[in-house]
Structure formats: structure tokens, C-alpha cells
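So that the names make sense, note that chain A is the first sequence line, chain B the second, and so on, each numbered from 1.
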Amino acid sequence: MTRELTCIGCPMGCALTVEVENGEAVSVAGNTCKIGENYARSEISAPVRAVTTTVLTAEGIPVPVKTAGSIPKEKIFEVVKDIKAAKVTLPVRLGDIIVSDAAGTGVAAVATRTVE
Amino acid sequence: MREFDLVVVGGGPAGMAAAIAAKEQGTDSILILERDDRLGGILNQCIHNGFGLHTFKEELTGPEYAERYSDRVKELGIPYELGTMVLDISKDKEITLVSRKRGAETVKAKAVILAMGCRERPRGALGIPGFRPQGVYTAGTAQKLVNCEGVVPGREVVILGSGDIGLIMARRMTLEGAKVRAVVELMPYSSGLKRNIVQCLDDYGIPLMLSHTVVDIKGKEKLEGVYVAAVDEKNVPVPGTEEYFPCDTLLLSCGLIPENELSKTAGVKLSPVTGGPCVDESLETSIEGVFACGNVLHVHDLVDFVSEESVRAGINAAGYIKGRPSSPGTPVEVSPGFGVRYTVPSKLYCESVEDGVHIRFRVTGVFKGASITVTSGGRELFRRRGRIFVPSEMLDIVLKKELLAGVTEGIEVRIEEAAL
Ligand SMILES: Cc1cc2nc3c(=O)[nH]c(=O)nc-3n(C[C@H](O)[C@H](O)[C@H](O)COP(=O)(O)OP(=O)(O)OC[C@H]3O[C@@H](n4cnc5c(N)ncnc54)[C@H](O)[C@@H]3O)c2cc1C
Ligand code: SF4
């Protein structure tokens, strides 16, 4: 089976053509760099995404947060829920860990801005 | 009157990169003026990933990218004043500003860098009939509300326009628990990046309705819903195709325009196509010693390009302050030919080019397998083939100094379509 994907690795958005056998990518064409090939392989077998959102501090200030790595796509909403539920007080420094293991993915969520 | 060598108007990525570059060139008397209460500009509200791949070789969020620059500004001890709105710039570089701390004040500069960014096309300019009930926002306003103020404007959303901010907000509102019913786009293609269609719409099953538009708005005080209809090739709504979407929020993502009220009052010549100043290869505007960079010059989609361009503005402003000789020779015009909407710069002093000159532009439509060609007086200077060129992506080519030797006639940048 052939699947057409768009690489989300960078704004180029290369159009990828993937040959799929038994739920695995066996060949990838159309990518400009290695990221595209890796993306296609994981997108076919187990899609992942990085997540960004905000958490409100006890003082009512929104602090932007991201997952420190990619998490399984189907866990996005659970991860966001975990981040939203975190108790955070100011000051927050860029890189501070907000949730150490978001929704059991083993991936941490960290602050992306210093708020004093 | 306070006097500075360099005043930078706007403390977004453009202003910060330009000030850092000027400082590194030895300009010490600098002042950055920013109306917001922090540095970083629009990046502060862009909490999503996707910034800095070119500059830092890693994918950062907007606030992280901004903080790298604001940290550097602080490290270098470059003075900046927040909560300070620039009201007027005169031809002789007197700058009128107002701040809560100092009230109204006029400062004088040897050189000025315009880095005011851009603003969203206001909804009044969109021509949707009906009332203007509560619940209609521009996508950028909604982004600021959600990400910087922690306020989610609604529960059921329709987005008009498929620019990147609209796509990003479709995902953002979904993650905040809202239901995004559709993204409606007048054109037969999206003006946003493909990766954003995949990761902001497809991931969440949000439909993208191409060649459709909002034809009517229901609700007097509060938005109750919108009518969406298909359009024909002339962008005229097709009767009988109307579909009703109940919603309490309509987000408009219909493009950005450079913020040039100040440039206008200063008497800077503006390009009717980009809405930004006309500049030469040093990014100097029609007023000597006044430079422009970033989104105030032309709307960028990649902040990395903004930073790179702004470094050049900073270096050139520093050179001007040190008394660089004025540009030798007569400039040649750089003009857009077939398939090209505009070029920055729009004029070029060939002898002033050091190693090479960046020419940035956008195409007028989607071109597959076409080539970018640059000619002067019938001579081809440059050619590059590309897989696909799209209007949503700013193109960047570099003309090497050697290529420009002997160029005396106007330079034309155009797209040559692939032979079928
Ligand atoms: C909503 C939005 C989403 C974006 N998303 C992405 C993305 O996902 N990825 C990406 O790479 N790029 C993105 N961009 C583009 C990128 O963020 C911009 O290209 C970049 O921020 C432009 O930098 P700038 O410094 O020119 O403008 P800005 O960031 O807009 O900064 C201009 C600054 O000037 C200040 N200013 C304006 N007028 C005055 C005045 N009169 N007095 C004092 N200060 C003034 C403003 O307050 C502002 O801080 C986005 C842009 C927008 C608008
Ligand atoms: S394959 Fe490489 S160049 Fe192409 S979109 Fe993916 S990351 Fe970007």
C-alpha cells in the first residue's frame, strides 16, 4: 500500500510517498533530509507529536509550556490535562519542570518562558 | 534633549537582533523603544513550536526564541525602555515618544532602525455583511487572549482564513476544550504552511473548506452562528450552497500588513505592494540613516529570516553612524517580473555589495518545477530550479558580488514555468 504524507519536520513541508507493508514503512521518497524519513516511519507505525500549551500559576498568570520531547499522538489531550492541573507558583524560569512525567508518557513538560 | 547614536523602534525579534548587531559593531549609544511591557514582540504570544530551526538548529517555541535574544540584549547592557510608545519620527530623526515613567519626550538619533512589526488586517476591511456582534476576533487577538492573558474567548468556533495564525489557533482552541467546526478559505488553496494543515487541522479532524467564505453573520449582540457558502472561480458566492454553522466565536485570519504609520509620517517612501518601506541593499529607506527590517519591511513567515535580515540592518546602521562613505554610483532598480509579486530590496548599489546580496520575494501563485531567473539588460545573472514555489513561502536568493560586475541596467527577478 502507498501512503502520501506531508513531513511536519520543518516549514518546507516535503510531500512524502511511503510504501507500507504490515503497518510498517518499507520505503520513503520525497524527503529532503533524514528527518522526513524518520517522520514517515513513526507516522506509519506510532505517530508522535510535541505539545505546547499554557498553565495558569496560582497568581493567575499564564506560563507557556512544552513537552520536552514527542509524545504519542493519542495522548495529546491527556498530556494537556496533566499540564493544566499542575500547581505552579511564580517565579518560573525557562526550562523549569512543570510536570515530570506527563500522562505516563515518561516525557516531562517544561516552562518556555521566564516569568518573575 | 536626550541624544543617541542609534534608536531602534520596536523590541521584537527584529529590533533586538538589529540592536545586538550594532552593539557588536561598536555602536554603544543605543536605545530600544518598546510599547509593550516586555521585549519579544509577537513571539511572546506564539507559544507553539517551529522557531529557530535555521538559526539555532533546534526547534524552539516563540517565547524561547525571544528569550535567547532578550538575554543577549541584557548581557550586552543595551538600554531598552518598555511601556514606551513612539508617536512620531521626523525627517531629521527626532523621535517623539510617550511613556508612563517619563511622560512625553523627544529624543534625537543619528540613525534609526524601524522594527515595528506588522498588524492583522482589521475585520472592518473584510466586507462581511451583517452586524458586528461580540464574539468576532482576529486570530492574533484571540492568540494573545489565550496565551498571554489565559482567557479562552469561546466554546464553538469557526475560523475564516487559513493563514498560519488561523491554523495554529484552530489547534490551540481545540486543546483548550473548544470545538472548532471548520476553517473556511476563500481561495482554492490555503495560505498557510502544509505542516500546519497536517498538525493543526488533520490531527484533530477539523475540516478545511477551500473555495468557501462566510456570507452572513447571525446574532445582534452576541454571535450565534455564521452562514458559509461555496464561491465560484471569480470568488462570488454560489446561491443555494449556504450552510449554517452555530458558533459563539468567529476568528478572522486574513493576513498581515506592515505597521507603517510612523514611517509614513517620517516621509519614508513605501512600496504599494508590500506596504513596507522601499529599501536598497543596505536596508536603508528613502531617508538617509533610517533603516528597516523584519515584518515592518515585508511580512515574513520565518522568524529566522527576520533575525538574519535585522543583523544586516544593525551592521549597516552602525556603519552609517561611523560615517561610511555614501553609496557610490547610481543604483539599479530591482523589479518583479512574471510570477513575482515584489522584491526586497527594490534598488541596488552594485558597488556597495560586499560578498553577495540577498533578494527576497514572494511568488504570485503556485508554480511546480519552475525556475527563478534573474536578468539584467538581457543577460542572465542567476537561475535556480525548484520543486514547488508557493505564495505562502518567502523565497530568498543570494546574488554573488562577481555576478553583479558590470551590471548597469535594471535587474528583473521572474519565474520561468517548466515547459510541458
Ligand atoms: C500571530 C503571528 C504568528 C506567527 N507565527 C510564526 C511561526 O509559527 N513561526 C515563525 O517562524 N514565525 C511566525 N510568525 C512570524 C514571526 O513571529 C515574525 O516574523 C516576527 O515576530 C517578526 O518580528 P518583528 O520584530 O519584525 O515584529 P514583532 O514581533 O511584531 O515586533 C514588533 C515590536 O514593535 C513594537 N512596536 C510597534 N510599534 C511601536 C511603536 N510605535 N512604539 C514602540 N514599539 C512599537 C511592538 O510592540 C512589537 O513588540 C508569526 C507572526 C505573527 C504575527
Ligand atoms: S524532510 Fe526535512 S526538509 Fe523536508 S519537511 Fe521534513 S524536515 Fe523539512
Side-chain angles (χ1 to χ4, degrees), chain A residues 4-16 30-33 35-36 39-40 43 47-57 59-70 72-81 83-84 88 92-95 109-116, chain B residues 38 40 43-54 57 59-68 70-71 144-152 164 168 171-172 174-177 190 192-200 202-204 301-305 368 386-388 390 392-394:
Chain A
E4 306 286 337
L5 297 175
T6 301
C7 178
I8 60 171
C10 86
M12 289 251 304
C14 295
L16 310 176
N31 54 310
T32 305
C33 73
I35 296 174
Y39 169 77
E43 194 66 8
V48 294
R49 296 287 185 269
V51 175
T52 58
T53 182
T54 50
V55 60
L56 272 191
T57 66
E59 298 81 0
I61 311 278
V63 173
V65 175
K66 71 170 181 186
T67 51
S70 297
K73 192 170 139 185
E74 73 273 8
K75 292 262 188 175
I76 293 176
F77 284 95
E78 277 176 69
V79 164
V80 169
K81 204 167 141 217
I83 293 172
K84 293 276 176 203
V88 181
V92 174
R93 306 218 52 90
L94 192 154
V110 297
T112 56
R113 176 191 295 143
T114 300
V115 188
E116 267 145 8
Chain B
R38 59 179 161 222
L43 291 180
N44 286 317
Q45 69 187 62
C46 299
I47 64 159
H48 55 277
N49 257 317
F51 302 83
L53 269 169
H54 293 259
K57 306 282 170 257
E59 205 174 6
L60 301 173
T61 64
E64 289 172 303
Y65 189 94
E67 205 159 313
R68 296 212 175 174
S70 60
D71 282 351
K144 191 163 188 180
L145 280 174
V146 177
N147 294 341
C148 300
E149 272 141 59
V151 177
V152 183
D164 286 309
I168 296 279
R171 175 178 64 183
R172 189 72 191 105
T174 305
L175 290 182
E176 287 293 325
S190 163
L193 294 170
K194 269 196 249 122
R195 72 190 304 234
N196 284 337
I197 294 175
V198 172
Q199 56 182 355
C200 298
D202 297 353
D203 273 5
Y204 302 93
D301 24 42
L302 272 187
V303 70
D304 304 77
F305 277 18
K368 283 193 177 148
R387 220 159 41 80
I388 185 165
V390 292
S392 57
E393 206 182 313
M394 183 189 291

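For C14(A), the parts sitting under 4.5 Å from any heavy atom of chain B are the backbone and the side chain alike. With a 4.5 Å cut-off on non-hydrogen atoms, R49(A) touches chain B through its side chain but not through its backbone. The part of I76(A) that comes within reach of chain B is its side chain, from C-beta onward, which places non-hydrogen atoms under 4.5 angstrom from that chain. For a residue to count as touching a neighbouring chain, one of its non-hydrogen atoms must lie under 4.5 Å from one of that chain's; by this rule E64(B) touches chain A with backbone and side chain alike. Contacts of Y204(B) with chain A are made by side-chain atoms alone, with heavy-atom separations under 4.5 Å and no backbone atom involved. Neither the backbone nor the side chain of K81(A) comes within contact range of chain B; no heavy atom of the residue lies under 4.5 Å from a heavy atom of that chain. In this structure, no portion of I388(B) lies under 4.5 Å from any heavy atom of chain A. When heavy atoms are compared at a cutoff of 4.5 Å, L53(B) approaches chain A solely by way of its side chain, counted from C-beta outward. Interface residue T174(B): backbone and side-chain heavy atoms are both found under 4.5 Å from chain A. When heavy atoms are compared at a cutoff of 4.5 Å, D202(B) does not approach chain A at all.
For chain A, the option among P63(B), G50(B), G62(B) with the highest count of heavy-atom pairs below 4.5 Å is P63(B).
Atom CZ in R171(B) sits 10.5 Å away from atom OG1 in T53(A) (nearest 0.5 Å). The OG1 atom of T52(A) lies 4.5 Å from the CD1 atom of I47(B); values are rounded to the nearest 0.5 Å. Between atom CG of residue N49(B) and atom CD1 of residue I8(A) there is a gap of 10.0 Å, rounded to the nearest 0.5 Å. Summarising the geometry, atom OG1 belonging to T112(A) is positioned 10.0 Å from atom CG belonging to L60(B); distances are rounded to the nearest 0.5 Å.
A 4.5 Å side-chain heavy-atom check between E176(B) and V80(A) finds every atom pair outside the cut-off. Residues R172(B) and T54(A) are in side-chain contact: their nearest non-hydrogen atoms beyond the backbone lie under 4.5 Å apart. Looking at heavy atoms from C-beta onward, R38(B) lies in side-chain contact with R113(A) at the 4.5 angstrom threshold.
Annotation: K144(B), atom NZ; neighbour count of heavy atoms from other residues, nucleotides and ligands within 6.0 Å does not exceed 12.
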